[in-house]
Structure formats: structure tokens, C-alpha cells
Amino acid sequence: ILTSLEKLEVAPPSPGQLKHVFFHNALPFVGFGFLDNAIMIAAGTQIELSIGVVLGISTMAGKYSQIPNRLFLFSCSFSLAGYVEALASRLGLSIPDLTPKQADMWQTRLSAHLGKAIGVTLGCILGMFPLLFFGDEEEKLEEKN
């Protein structure tokens, strides 16, 4: 026998609530993508320029030898994700006001996943800023050869 509460259908989240879910999930991932890519580029390039030059290995071999280093750097940037989420909550990013059933609906899950995917993509694009500073070092290496 169904109780009167179980018979009630919950309305799907409004477009405003879905937008709130999207931004609530996107903002921390922008920060994570930014930190991840910036750390990977800066540290990976320095590893390649130091170890690769000393061992005299090609750039491609240097990239494959960096896999353990990149896994370490990725775990470091992933550990910073908690700080990014704390900063997002300090900036006033509140949790969306949804019922448990609304939070479990496909629209809400889709909005959350899209927010995460677009957030990390935007963060990785913004995190490529260290590439602006590496042009001179590559030219110097080419001049030496």
C-alpha cells in the first residue's frame, strides 16, 4: 500500500536550479583544471629540460620517461582540489536547493556532469598560460644544436 507521500510526484528542477547545479559543479573544476595543467606544464618542462638534456635523450623519449613524474604531479594537483572547493564556498557558491528526488533526476545529473566537463576544459585552457614563457628556452636549445 502506497502512502500519500509516495503518490506525490516531484516536479523536475527548474532551469534556474539546473543552472545553479551547473555552476556549483563547474567552478571547482575550473580551478582544478587550471592548477593541474599549469603544474604539469611548468614542472614537466623543467624535468624535460634538466633530465632530458643531461641524459641526451630525444624529446619523445623524454616525454615517455616523464610518465611517473606526471602521475606524481597529477596527484599533487588533485590534492589541491579540496582547497579549490573551499575557496568556491567562501566566494558564496551555495549548494543548490533540491529535494533528494530532484537531485537524483537525469536532468540534474546531466547538468552536474556538463558543469564538471566544461569547467575542467576551461580550467585546462586557462592553465596553459606557462606556455607563454617557454619560447625563449626552446630557441636557446635549438641554437646550441
Side-chain angles (χ1 to χ4, degrees), residues 5-6 8-145:
L5 290 176
E6 291 175 342
L8 295 175
E9 288 194 28
V10 178
S14 69
Q17 288 175 315
L18 292 175
K19 191 185 302 184
H20 192 168
V21 168
F22 177 87
F23 285 113
H24 179 76
N25 284 282
L27 188 60
F29 276 87
V30 170
F32 168 71
F34 175 82
L35 289 173
D36 180 53
N37 217 15
I39 291 170
M40 291 273 200
I41 289 171
T45 303
Q46 292 306 315
I47 291 168
E48 179 184 347
L49 291 176
S50 61
I51 295 174
V53 171
V54 169
L55 297 177
I57 56 178
S58 68
T59 303
M60 191 56 90
K63 295 290 182 193
Y64 285 113
S65 68
Q66 287 182 16
I67 291 173
N69 297 325
R70 290 195 181 264
L71 289 173
F72 171 73
L73 294 172
F74 179 75
S75 65
C76 290
S77 62
F78 190 71
S79 65
L80 295 173
Y83 294 110
V84 173
E85 289 180 7
L87 178 64
S89 65
R90 280 188 174 182
L91 292 175
L93 189 66
S94 61
I95 297 173
D97 187 28
L98 299 171
T99 66
K101 285 190 178 189
Q102 285 178 321
D104 195 39
M105 290 183 173
W106 70 268
Q107 300 97 326
T108 309
R109 288 193 311 260
L110 178 66
S111 181
H113 291 308
L114 283 174
K116 292 172 185 177
I118 292 172
V120 79
T121 301
L122 180 62
C124 285
I125 290 169
L126 294 173
M128 290 192 304
F129 83 93
L131 294 174
L132 297 172
F133 305 106
F134 289 126
D136 296 336
E137 294 173 2
E138 290 176 5
E139 291 173 5
K140 288 177 187 176
L141 285 174
E142 288 177 7
E143 289 176 4
K144 286 182 183 179
N145 294 331

So, for A103 and R109, which heavy atoms are closest and what is the spacing to 0.1 Å? O-CG, 4.3 Å
Which heavy-atom pair separates Q107 from P12 by the least distance, and what is that distance? NE2-CB, 3.7 Å
Which residues pass the side chain to side chain contact (heavy atoms under 4.5 Å, CB included) test with T99, sequence neighbours left out? V10, K101, Q102
Rounded distance (nearest 0.5 Å) linking atom NZ of K116 with atom CG of N25: 5.0 Å
Among L18, V21, T108, side chain to side chain contact (heavy atoms under 4.5 Å, CB included) partner for P96: V21
Looking only at heavy atoms, the pair that brings P130 and G127 closest together is CD-O, 3.1 Å
So, taking the atom named SG in C124 and the one named CZ in F29, what distance separates them when rounded to the nearest 0.5 Å? 11.0 Å
Side chain of Q17, backbone of D97: donor and acceptor closer than 3.5 Å? yes
